[in-house]
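Let me begin by presenting the structure, written as structure tokens, before commenting on it.
Naming convention: chains lettered A, B, ... in sequence-line order (proteins, then strands); numbering from 1 in each chain.
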There are 2 protein chains.
Amino acid sequence: MLSFLYTGLMNAPRTARERARAELTKEILTSARRQLGDVGAPGLSLRSVARDLGMASSAVYRYFASRDELLTALLVESYGEIGDAAIAGDLPDAAPEERWLSVWRAVRAWCLANRHEYALLFGTPVPGYAAPHLTTEIAARMPLTLARIVADAKRSVGLRPYTGPVCDPAAIEPAMLDLLADGDFTVEETARLILAWNRLVAVIGYELHGHLKNVTADDALFFEYTARAEGANLGLAFD
Amino acid sequence: MLSFLYTGLMNAPRTARERARAELTKEILTSARRQLGDVGAPGLSLRSVARDLGMASSAVYRYFASRDELLTALLVESYGEIGDAAIAGDLPDAAPEERWLSVWRAVRAWCLANRHEYALLFGTPVPGYAAPHLTTEIAARMPLTLARIVADAKRSVGLRPYTGPVCDPAAIEPAMLDLLADGDFTVEETARLILAWNRLVAVIGYELHGHLKNVTADDALFFEYTARAEGANLGLAFD
DNA sequence: ACAGAAACGAGAGCACTGCTCTTGCGTTGC
DNA sequence: GCAACGCAAGAGCAGTGCTCTCGTTTCTGT
């Protein structure tokens with residue numbers, strides 16, 4: 001499972017064969033990625049990838065054991081990209097509120113430009129599921145970018161006091177608190193961070209899947225409101 | 001498109017042939033629904049439905065023009081069910097807060113028991129999209145149940161004043177305000193209703209798709225917190 | 001340097017899919 | 001009664017994921 005990451009991509013190729021293998025692996029991924037963007041995950045066909053590269057369909061199985069494994073590779077790649085987009089959207093020297101909005105916008109922009117990749121990441125899981133241990137680290141980069149901003153805000157200007165119901169500590173996984181340990185978050189802050197990350201993904205999903213048709217008139221404007229509301233909910237200084 | 005709704009199901013069958021047609025249509029739907037629950041939408045095969053009913057695969061096309069149309073029928077059916085579940089979960093005589101929690105729990109219970117149907121409703125849209133005009137009315141029943149509770153609370157005990165950023169009226173579709181007209185909602189209330197409905201669906205989706213693995217320790221408890229927090233955000237009296 | 005081992009690409013083939021077209025039977029309505 | 005229509009079945013097309021075999025190429029250990 002996921003052997004391609006180790007054999008072809010991560011280790012530096014030494015022999016000519018390994019070199020060719022790494023290159024072809026990359027070409028397969030590139031072609032698959034392009035097809036994913038065109039027809040989406042359900043329409044992605046291993047045979048058409050093979051045709052695109054001028055090789056026999058059976059030869060592709062030397063590089064990816066199944067269609068699901070190929071999709072998983074695209075999933076990992078996409079997780080990396082959305083994490084990159086989030087990090088690139090951050091403005092480390094700006095005020096927390098500006099950083100927050102900028103990251104939200106960056107993530108939305110990536111999702112709108114890569115709707116099939118969004119579906120792969122957050123839509124209905126098509127394959128038998130990706131390897132959790134490998135992907136969670138990459139998948140965490142986007143939400144951690146949000147957490148970092150809140151942590152910085154807490155350290156510098158502080159967070160506004162919370163109102164409303166509080167979260168039962170038993171609801172949160174202790175490992176999650178450890179993951180955010182450097183932010184020194186309370187249970188309540190952690191819960192609200194989870195909800196903010198959930199909201200970011202969800203409101204984009206609604207926009208992408210057409211659930212906001214006849215509901216919102218200006219999706220960008222509504223997204224802006226959502227970002228502010230969710231930031232304020234975490235104690236950022238949005239009015 | 002969607003002709004099955006008119007030919008087979010809604011009009012009372014008069015001749016024996018129409019009677020048989022209506023019955024077979026229902027049997028196809030039942031078998032398809034069972035298969036949907038087993039293997040999910042991507043695995044649902046028209047041929048296996050035909051095998052299940054002991055008929056030729058080509059005969060099914062007399063009743064549903066395509067696999068997508070069959071899926072659309074299941075989509076409509078599921079929208080109806082989740083709406084029913086929401087309405088059945090409401091407690092018209094209870095306090096708004098109790099009603100709110102009860103509906104949230106009822107919707108979650110339905111989704112957990114019908115995860116493939118959830119995927120069909122809120123996951124990645126597989127087919128070429130359902131007919132909007134027919135489905136929106138059915139699809140609105142669940143969110144309207146939430147809206148009704150808030151409207152009743154506003155009329156009786158009133159909603160708590162809002163804090164935080166406000167929503168630009170230009171973001172909301174005027175038709176949406178009309179749809180909620182009997183609730184006499186402001187733009188801000190409407191926006192928060194949309195977000196609450198979005199949250200309900202989204203947090204269940206996270207739970208179903210495994211995104212809360214290693215994040216929450218007790219999904220039911222976290223859901224309870226989410227329901228309260230989202231209700232409080234709308235001005236319901238959760239502490 | 002050479003032989004054995006491992007990796008590789010191509011092709012055929014299996015079981016399956018959605019969907020179409022034709023054929024013939026049965027029912028319906030004039 | 002008969003023409004017209006509804007219907008089920010079968011064959012067939014193009015496509016899919018995946019497996020197996022069969023030569024060929026490349027690498028590696030002696």
Side-chain angles (χ1 to χ4, degrees), chain A residues 1 3-4 6-9 11-28 31-32 35-36 38-74 126-128, chain B residues 1 3-4 6-9 11-29 31-32 35-36 38-74 126-129:
Chain A
M1 188 68 171
S3 52
F4 54 89
Y6 305 105
T7 56
L9 287 178
N11 297 343
R14 303 192 45 78
T15 73
R17 176 174 274 175
E18 283 176 356
R19 186 188 198 81
R21 180 179 182 82
E23 206 157 312
L24 232 178
T25 304
K26 201 166 189 175
E27 279 184 42
I28 292 174
S31 173
Q35 290 205 19
L36 175 68
D38 285 350
V39 295
L44 191 150
S45 144
L46 220 144
R47 288 179 113 111
S48 73
V49 170
R51 275 194 300 271
D52 187 35
L53 300 180
M55 63 199 298
S57 66
S58 57
V60 182
Y61 284 85
R62 300 259 180 215
Y63 298 84
F64 295 92
S66 69
R67 197 191 91 112
D68 280 0
E69 190 169 282
L70 179 56
L71 276 179
T72 302
L74 295 177
V126 180
Chain B
M1 189 68 170
S3 51
F4 55 89
Y6 305 105
T7 56
L9 288 178
N11 296 342
R14 302 194 45 79
T15 74
R17 176 173 279 175
E18 283 176 355
R19 187 188 198 80
R21 179 180 184 83
E23 207 157 314
L24 234 179
T25 304
K26 203 167 190 175
E27 280 183 43
I28 292 174
L29 273 177
S31 174
Q35 290 206 18
L36 175 68
D38 285 348
V39 295
L44 191 149
S45 143
L46 220 143
R47 287 179 113 109
S48 72
V49 171
R51 274 194 301 271
D52 187 35
L53 300 181
M55 62 199 298
S57 65
S58 56
V60 182
Y61 284 85
R62 297 256 175 212
Y63 299 83
F64 295 92
S66 68
R67 198 190 91 113
D68 280 0
E69 190 170 284
L70 179 56
L71 277 178
T72 303
L74 295 177
V126 180
Y129 248 122

Inset, instruction - Measure the CG-CZ distance between Leu71(B) and Arg67(B) for me, rounded to the nearest 0.5 Å. - result: 5.0 Å
Inset, instruction - Using atom CG of Leu70(A) as one end and atom P of dC18(D) as the other, report the distance to the nearest whole Å. - result: 10 Å
Inset, instruction - Check Phe64(B) against Ala73(B) and note the closest heavy-atom contact, atom names and distance. - result: CE2-CB, 3.9 Å
Inset, instruction - Mind calculating the distance between CD (Glu69(A)) and P (dT19(D)) to the nearest angstrom? - result: 12 Å
Legend entry - dA7(C) OP1/OP2 closer than 4.0 Å to side-chain N/O of Arg21(A): no
Legend entry - Spacing of Glu18(B) atom CD relative to dC5(D) atom P, expressed in whole Å: 16 Å
Legend entry - Sugar-phosphate, base or nothing in reach of Leu24(B), heavy atoms under 4.0 Å: sugar-phosphate
Legend entry - Backbone of Asp68(A) reached by a side-chain donor or acceptor of Thr72(A) within 3.5 Å: yes
Legend entry - CD1 on Ile28(B) to CE on Met55(B), rounded to 0.5 Å: 5.0 Å
Legend entry - Chi angles and distances behind the side chain to side chain contact (heavy atoms under 4.5 Å, CB included) call for Leu46(A), Tyr61(A): CA-CA 9 Å; Leu46(A) 220 144; Tyr61(A) 284 85; 3.8 Å; yes
Inset, instruction - For the residue pair Ser45(A) and Gln35(A), confirm or rule out a side-chain donor-acceptor distance under 3.5 Å. - result: no
Legend entry - Distance, rounded to the nearest Å, where Phe64(A) contributes CZ and dC8(C) contributes C1': 16 Å
Inset, instruction - Would you mind building the protein contact string for nucleotides 16-22 of chain C? One character per nucleotide, 5' to 3', B for base within reach (heavy atoms under 4.0 Å), S for sugar-phosphate only, - for untouched. - result: -BBBBB-
Legend entry - Phosphate OP1/OP2 of dC7(D) contacted by Tyr63(B) side-chain N/O (<4.0 Å): no
